[in-house]
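We number each residue from 1, following the sequence as shown. Counting starts at 1 for both ligands and their atoms, in listed order.
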Amino acid sequence: MDIAENIQKIKAEIPEEVTLVAISKTKPENDILEAYNTGHRHFGENKIQEMTEKWERLPKDIKWHMVGHVQRNKVKYMAEYVELIHAVDSLKLLKEIDKQAAKYDRSISCLLQIKIAEEDTKYGIDVDTARDILESSDYQEMSHVKIVGLMGMATLTEKTEKIKEEFSYLKTTFDEFKSRYKSFTTLSMGMSGDYKIAIECGSTMIRVGSSIFGERNYN
Ligand SMILES: *Cc1c(COP(=O)(O)O)cnc(C)c1O
């Protein structure tokens, strides 16, 4: 795997306004540094503990994205430094992020994860629940957390039309919310297998792991 070559190739083929988040979960620090040395700064992880260990040891100008499901009791470990939390799915979690961010006098940017895939193993909320959160007085009173957009994962399938349908649905929802909420800037959709489709459908941020770092080994 030539990590530097992979990342440069992907960046060259995507539109300039689309942000690439390199998903480095399970990968060693040297792999991250190879990508970093090409000038890349956005990296993503799905476990708070792993991300925090990497944050402690790697250059401090890396922007760390939490893309996995977040347990409330672990928010405190990343509140000091996290750039964007992609998978917020409850008001309770937002409250905890707000509370922990206040300790560092920061405002943490978050995305609401919308469930667009068929599989019921995937996390996420429906559009009505997302709207309820955005409209709630609880959220509106929070001053250390800001919802800046939506995130979604499409069904794992070879059927391009199905993936397109799901991403297009998310894009329509994003546009509707964007016209109502000024803070909306970011639509996080697309992974190694489907980021080209996601960009066609209006993604502004893609999360790519294996196409940059190679297959993951979980042993
Ligand atoms: C692992 C992961 C990715 C990257 O997946 P690849 O298929 O390796 O590109 C993207 N998003 C989330 C939420 C992930 O957990």
Side-chain angles (χ1 to χ4, degrees), residues 1-11 13-14 18-28 31-32 34-35 40-55 62-71 74-75 78 82-90 93 97 109-125 130 148-160 162-163 166-167 170-171 174 186-219:
M1 256 320 182
D2 189 331
I3 294 167
E5 192 180 306
N6 293 342
I7 202 159
Q8 282 164 329
K9 209 170 137 218
I10 294 173
K11 277 178 147 165
E13 71 185 26
I14 65 174
V18 173
T19 302
L20 168 66
V21 182
I23 307 299
S24 48
K25 63 193 185 197
T26 78
K27 297 296 178 182
D31 286 10
I32 297 174
E34 257 185 78
H40 192 74
R41 293 294 178 269
H42 290 268
F43 292 88
E45 294 279 333
N46 71 339
K47 293 204 168 69
I48 294 172
Q49 187 176 332
E50 183 177 342
M51 182 170 77
T52 301
E53 282 168 13
K54 287 171 174 172
W55 166 69
I62 289 181
K63 297 176 191 304
W64 289 103
H65 295 246
M66 174 41 55
V67 301
H69 183 70
V70 174
Q71 286 173 281
K74 293 189 178 155
V75 172
M78 64 175 169
V82 69
E83 170 82 6
L84 180 64
I85 302 176
H86 287 237
V88 173
D89 59 359
S90 74
L93 175 57
I97 296 168
S109 294
C110 297
L111 306 176
L112 294 175
Q113 182 176 4
I114 306 290
K115 180 175 153 57
I116 55 172
E118 251 170 22
E119 300 112 337
D120 40 64
T121 50
K122 299 254 164 84
Y123 294 103
I125 54 180
V148 299
L150 303 176
M151 180 272 228
M153 292 167 85
T155 302
L156 196 60
T157 173
E158 300 284 303
K159 295 186 191 132
T160 306
K162 171 101 187 119
I163 298 171
E166 293 172 352
F167 282 153
L170 191 59
K171 164 70 168 157
F174 174 74
T186 305
L187 178 55
S188 167
M189 57 183 198
M191 313 180 10
S192 291
D194 57 18
Y195 72 85
K196 288 178 190 159
I197 306 173
I199 290 171
E200 264 178 54
C201 294
S203 171
T204 73
M205 186 173 275
I206 59 175
R207 311 177 309 272
V208 178
S210 42
S211 289
I212 295 169
F213 297 106
E215 292 305 319
R216 285 175 293 274
N217 183 350
Y218 285 101
N219 299 324

Under 4.0 Å from any heavy atom of [X], which atoms of ligand 1 are there?
X: R216; value: 1 (C), 5 (O), 6 (P), 8 (O)
X: R207; value: 4 (C), 9 (O), 10 (C), 11 (N), 12 (C), 13 (C)
X: V208; value: 9 (O)

How far is [atom] from the closest protein heavy atom, and which atom is that?
atom: atom 13 (C) of ligand 1; value: V67 O, 3.4 Å
atom: atom 5 (O) of ligand 1; value: M191 CE, 3.5 Å
atom: atom 9 (O) of ligand 1; value: S192 OG, 2.5 Å
atom: atom 14 (C) of ligand 1; value: K25 NZ, 3.0 Å

Report task. Consider only side-chain N and O atoms of Q71 and K74, and report whether a donor and an acceptor are under 3.5 Å apart. Result -> yes
Query raised in the report: Would R207 and S188 count as having a side-chain donor-acceptor pair, cut-off 3.5 Å?
Result: yes
**Report entry** Short N-O contact, E200 and K196, less than 4.0 angstrom
**Finding:** no
Report task. Step through the shown structure and confirm whether more than 12 heavy atoms of other residues, nucleotides or ligands are within 6.0 Å of CD on E158. Result ->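 No, CD of E158 has 12 or fewer neighbouring heavy atoms, counting only those of other groups under 6.0 Å.
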Report task. Please say whether more than 12 non-hydrogen atoms of neighbouring residues, nucleotides or ligands are located less than 6.0 Å from NZ in K11. Result ->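 Check passes, neighbour count above 12.
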Report summary line: Note: H86, heavy atoms under 4.0 Å from ligand 1, region reported as neither
**Report entry** Polar atom proximity, N46 to ligand 1 (N or O, under 3.5 Å)
**Finding:** no
Query raised in the report: Does G209 reach ligand 1 with a nitrogen or oxygen that is under 3.5 Å from one of the ligand's nitrogen or oxygen atoms?
Result: yes
Report task. Begin from the C-alpha positions of K25 and E50 and carry the test salt bridge (Lys or Arg N to Asp or Glu O under 4.0 Å) through to its verdict. Result -> CA-CA 8 Å; K25 63 193 185 197; E50 183 177 342; over 6 Å; no
Query raised in the report: So E166 and T155, side-chain hydrogen bond (donor to acceptor under 3.5 Å, both in side chains) or not? Walk me through it.
Result: CA-CA 8 Å; E166 293 172 352; T155 302; 2.6 Å; yes
